[in-house]
Structure formats: structure tokens, C-alpha cells
Amino acid sequence: RVLIVGAGETGTLLAREMIRHPEAGMKPVGYLDDDSNKRDRTFVGFPVLGALDDLPAVVKRRQVDEVLIAMPSASGSVVRKVVDLAQKADVRYRIIPGIYEILSEKVSISQIREVDVEDLLRRAPVQLDMQPIAEYLDDQVVLVTGAAGTIGSEIVRQVTRFNPRKLILIDHNENALYMMHLHLQRTYPYLDFLPLVADIQRPEKLDRIFQRQTPDVIFHAAAHKHVPFMDLNPDEAILNNVFGTRNMLDMALRYRVERFVNISTDKAVRPSSVMGASKRLAEYLVTQTASRVNGSRNAFVSVRFGNVLGSNGSVIPIFKEQIRQGGPVTVTHPDMTRYFMSVPEATQLVLQAGSFGKNGAIYILDMGDPVRIVDLAYDLIRLSGLEPGEDIPIEFIGKRPGEKLYEELRYEDEHPDESDHEKILVVRPQPLPEDFNDHLEALLIAARMSDPVRIREMLCSMIPAYEAQAEIAYAY
């Protein structure tokens, strides 16, 4: 016996699906909805039984077995309210994914899943201006680096909506790329996908790819991103994130790519890690290349945003695994905060930013308010049906190499202007550091020689705001 929260289009579609598929064993008893105009009305033969606050009473009175949250556009605070009421009523609860997840798919029973922390942090859906996105993606050859990663794969999924002529997927993770390609072939059989196992650190391979495929648009998402790991392996961060980006920019210039969108990070702002510093240098390289681009249709830009929820190796999957193992859940510091955004929301805004065409710009996504990491831990433990401290202990283990207590989205002297979208700001890039090219070549030599001490010295000289952490005991 299922109580559907939300008597809108999604809720009524699900009620129809339950009637159409009795083998699923789900029988609607009615709806809850805060819209007073729906009170005491019937939809698909089932009544609206009250408002959200009536959940515990309706569950008891109607002998409800499960509460189903069917409000894809509802904010995270509304989802949290329903979850809290369901937990107090001691009834099972599940959810239909947010609007970003079901954007191009039909709503069905098969999409019902457990409530996750992403749902509790959900924000109002972004309204995209589709026309300018379609204008630069329709019938184009689109190349995505890091295509099998969290951001890259979602960029691919979002680009499929805009009828590209071909999608070139570059990644050096063979297995992830293979599985992704199988999924894409099955889901979008009418589109042309070209998966290529390639390393952006190899310009000779990239040159052959560009010569044969001549891409029109590039989304550059390939990067080493794990902050503590990259502080311990700075040569790899520099070779991949800095010089891999330079290779891609060189190819884009040589083969006259019209649009180049570099995926950056809030960790590039006053970086305290090698990873953040490497991404700041990547921003510099995009700025430098943009100054060499000719043509009104050409735009080389960076898009800067914070953490994405549930990405590979991020804190949420780690917390989930720790909870599965019975704890403890390890948090670095009680005051540690981060900006979070869902993967689909971030990538949709990346596509929108790419449509603006302001050559050399850095676009900053509106990340909302920062979230305390320890609060995420509490939420995940409670969503698992357990209590923090009692069932699952939480341990504070101290900051790791390169970590800051909080991140920033822009420098103080980066004065943001509004863009054509309310969720995206634009800043003018700062002038490149003096002797940038000479320092860049010295940095390349240090990285190729795997000299971590020299790499840190070069980063300090190239990025005045770089706040290098205490000396690290390197293994090489």
C-alpha cells in the first residue's frame, strides 16, 4: 500500500503505472500535496488525503506500507521534511529521481530508488536557454576528454540532446570507456560515438585524432583531481593537468576548433594544493590561448565550480562504504565545508556557459551555500536507518595534505559580472604572471624529472596566491 507524496504530473503518472503493472505489487492508496487547490480532489481514481504535514496520521489511518516521494522539482528542504515525517511514522520511503536525472527519460516504476543525500541537497531546477546551446552543438563534431569520468560522461549524456553529428570520447581508462560506450550504443543507437583510448599527455596521438576527426567543439574534463594524492605525486598532476591541457589547446588552435570549454574548479582559487595550482595554471593557459584566437565565432573559456555530489572518489561514496562496514565514518575537521552541486546541474550549466561565446572568459557557477562535511555524514548515517554516534561512530582525523577548511569560487580582485543566465557569473581573467612562458618550461623540466621540491618552488613563483602546505615527506 503506497502513499504518493505529490499529486502532480509525476505522481499521477506513477499511479497509472502501478495500475498498469499489478505484478509490481504496488497499490496506491492516495496522495499528499500542499497545494490547497488539490485538496479533496481525485486523480486517476485516488484521493488527495491531506498535506505533507498529515503524513504520520495518514500512514496510520490508511495502513500505508511505503511512502513514495514523487516531486522531481521539489527542493531539498521539502524532500528532507518528507523523509523526517516518514522516519517518525516508522514507514519505508523511496523517491523518484530529481528532474535532472529524468530529463530525457519517461517516468516509470523502474526509476523508483532509495532516498540519497543528493535528494536532501537538491536545488530548484535550472531553466536553460536551449536555443544558443543548440546553435553551437547541433550537427557538430564534439570531443570530450575524460569522457568516462563523472563530469565527462554526464557532458556526453547532455550533449546527446542537441543532435551532434559525432561524439568523440577520449579517456585513458579503458574499462570505464568500454562500459560507457556499450551503454551509449544501447541508449542512443541513432548517434555516432567514437571511443578512443588516449592520453592527453601524448601530443602525437592527439594530432592524429584531430587530423582525422577535425572536432568543432571541445569539452576538456580530463584531469587528475584527488587533492592529497596529487600533493604526494605532484609531477603527475603537472604533466596531466597543465601540460595535457596545453596539448589540447595547441591542437584546438592548430585545427581551428570553434569552441573550447575547460572544466576548472574552486580549488584553483588561492590554491593550497598542487591539484588546485595545476588547475589555476590550466586557466592561465586557456586565457593565453584565447588571446591568439581569431574569429567572431571562436571562444576559449574556463568554467569554474565546486564539488559534484557522488563523483568518483568523492566524500559521499567513501562515507557510504564506511557505513556499510559499520563505521567509523572519518571526517577531517568539524568545520570543514564545501560547495556541492549535482552532476547533471553542473554539466547543464557548463553547456550553457559554453554557448555565451565570450572568448577568454572564466565563468563561475552559482553553487549556493556551502555545506558542512560532518552534516553530510549525519545525513548519510540517518538515511541508512542508523543513528550517528550510537550505531555508527564519527571520527575526526585532521586535514590531509593540500586541504583547506573552506573553498572559494573567485579571487577578491575578480569582479564578477552577470551573464545571460542567472546561475552563471563571468569574470575577466587576471593578467598572466610575469615570465609565464619561461617559468612554464622550467616547470615542465621539473615535472619530467619527477622533482617534487622543484615543482613546489616553481608553483610558488608562478602563482602568487599559492599557499603551499607544510613540507611533505615524498617517496621519490
Side-chain angles (χ1 to χ4, degrees), residues 69 71-80 82-83 94-103 105 111-126 128 146 148-158 176 180 221 223 225-227 263-267 275 279 303-324 329-332 336-353 364-384 403-404 406-409 423-424:
I69 306 169
M71 300 181 293
S73 299
S75 67
S77 60
V78 173
V79 176
R80 183 184 294 274
V82 177
V83 168
R94 289 191 292 171
I95 195 168
I96 278 289
I99 194 71
Y100 295 116
E101 293 183 59
I102 62 173
L103 210 51
E105 302 170 14
Q111 292 174 316
I112 297 171
R113 59 164 171 76
E114 301 297 326
V115 176
D116 213 333
V117 71
E118 288 93 335
D119 302 304
L120 305 185
L121 298 175
R122 188 192 293 173
R123 302 195 296 169
V126 169
L128 295 180
T150 304
I151 293 294
S153 61
E154 184 63 22
I155 288 175
V156 171
R157 177 175 176 262
Q158 297 292 341
M180 179 188 176
K225 67 176 186 177
H226 294 291
V227 169
I263 306 302
S264 192
T265 170
D266 56 358
K267 293 172 179 60
M275 182 276 206
K279 297 296 281 183
V303 182
R304 189 190 292 163
F305 53 94
N307 295 19
V308 290
L309 290 162
S311 62
N312 296 331
S314 69
V315 67
I316 291 174
I318 292 171
F319 282 173
K320 287 179 179 178
E321 180 60 28
Q322 290 174 336
I323 293 167
R324 272 194 292 269
V329 170
T330 55
V331 179
T332 52
M336 183 79 69
T337 64
R338 290 293 182 267
Y339 290 99
F340 284 99
M341 180 180 278
S342 75
V343 177
E345 181 182 6
T347 51
Q348 285 179 39
L349 288 173
V350 165
L351 265 58
Q352 188 77 76
I364 302 173
L365 304 190
D366 176 3
M367 298 294 297
D369 296 322
V371 177
R372 287 203 318 158
I373 300 300
V374 70
D375 291 339
L376 286 182
Y378 285 135
D379 283 336
L380 280 167
I381 293 169
R382 290 194 176 110
L383 285 173
S384 302
E403 284 189 325
K404 294 195 288 188
Y406 61 93
E407 300 288 0
E408 304 162 275
L409 289 165
K423 295 288 187 181
I424 304 174

Closest contact, heavy atoms only, [X] versus [Y]:
{"X": "Pro72", "Y": "Ile96", "result": "CG-CG2, 4.2 Å"}
{"X": "Ile424", "Y": "Ala353", "result": "CD1-N, 3.9 Å"}
{"X": "Leu365", "Y": "Ala346", "result": "CD1-O, 3.8 Å"}

side-chain contact (heavy atoms from CB on, under 4.5 Å) between Ser153 and Met180, worked out: CA-CA 8 Å; Ser153 61; Met180 179 188 176; 3.8 Å; yes
In Å, rounded to the nearest 0.5 Å, how long is the span from [atom1] of [X] to [atom2] of [Y]?
{"X": "Leu349", "Y": "Lys423", "atom1": "CG", "atom2": "NZ", "value": "8.5 Å"}
{"X": "Asp119", "Y": "Ile69", "atom1": "CG", "atom2": "CD1", "value": "7.5 Å"}
{"X": "Thr347", "Y": "Gln158", "atom1": "OG1", "atom2": "CD", "value": "4.5 Å"}
{"X": "Lys279", "Y": "Arg304", "atom1": "NZ", "atom2": "CZ", "value": "11.5 Å"}
{"X": "Glu345", "Y": "Asp366", "atom1": "CD", "atom2": "CG", "value": "8.0 Å"}
{"X": "Ile323", "Y": "Ser384", "atom1": "CD1", "atom2": "OG", "value": "4.0 Å"}

Gln322 side-chain N/O to Thr330 backbone N/O, donor-acceptor pair under 3.5 Å: yes
With the side chain counted from C-beta on, respond yes when [X] and [Y] share a heavy-atom pair under 4.5 Å apart, and no when they do not.
{"X": "Ile373", "Y": "Thr337", "result": "no"}
{"X": "Met367", "Y": "Leu409", "result": "yes"}
{"X": "Lys225", "Y": "Met275", "result": "yes"}
{"X": "Leu376", "Y": "Leu121", "result": "yes"}
{"X": "Ile263", "Y": "Phe305", "result": "yes"}
{"X": "Val83", "Y": "Leu120", "result": "yes"}
{"X": "Val79", "Y": "Ile95", "result": "yes"}
{"X": "Tyr378", "Y": "Val117", "result": "no"}

Run the salt-bridge test on [X] and [Y] with the 4.0 Å N-O cut-off and return the result as yes or no.
{"X": "Asp266", "Y": "Lys404", "value": "no"}
{"X": "Lys320", "Y": "Asp116", "value": "yes"}
{"X": "Asp379", "Y": "Arg80", "value": "yes"}

Could you walk me through whether Tyr339 and Val371 satisfy the side-chain contact (heavy atoms from CB on, under 4.5 Å) test, starting with their C-alpha distance in whole Å, then the side-chain angles of each, then the deciding distance to 0.1 Å, before giving a yes or no? CA-CA 6 Å; Tyr339 290 99; Val371 177; over 6 Å; no
Please tell me whether Lys267 and Asn307 have a donor and an acceptor in their side chains that are separated by less than 3.5 angstrom. yes
Any luck finding a side-chain donor-acceptor pair between Gln352 and Gln348 under 3.5 Å? no
Show the numbers, then the answer: is there a side-chain contact (heavy atoms from CB on, under 4.5 Å) between Met71 and Val78? CA-CA 9 Å; Met71 300 181 293; Val78 173; 3.7 Å; yes
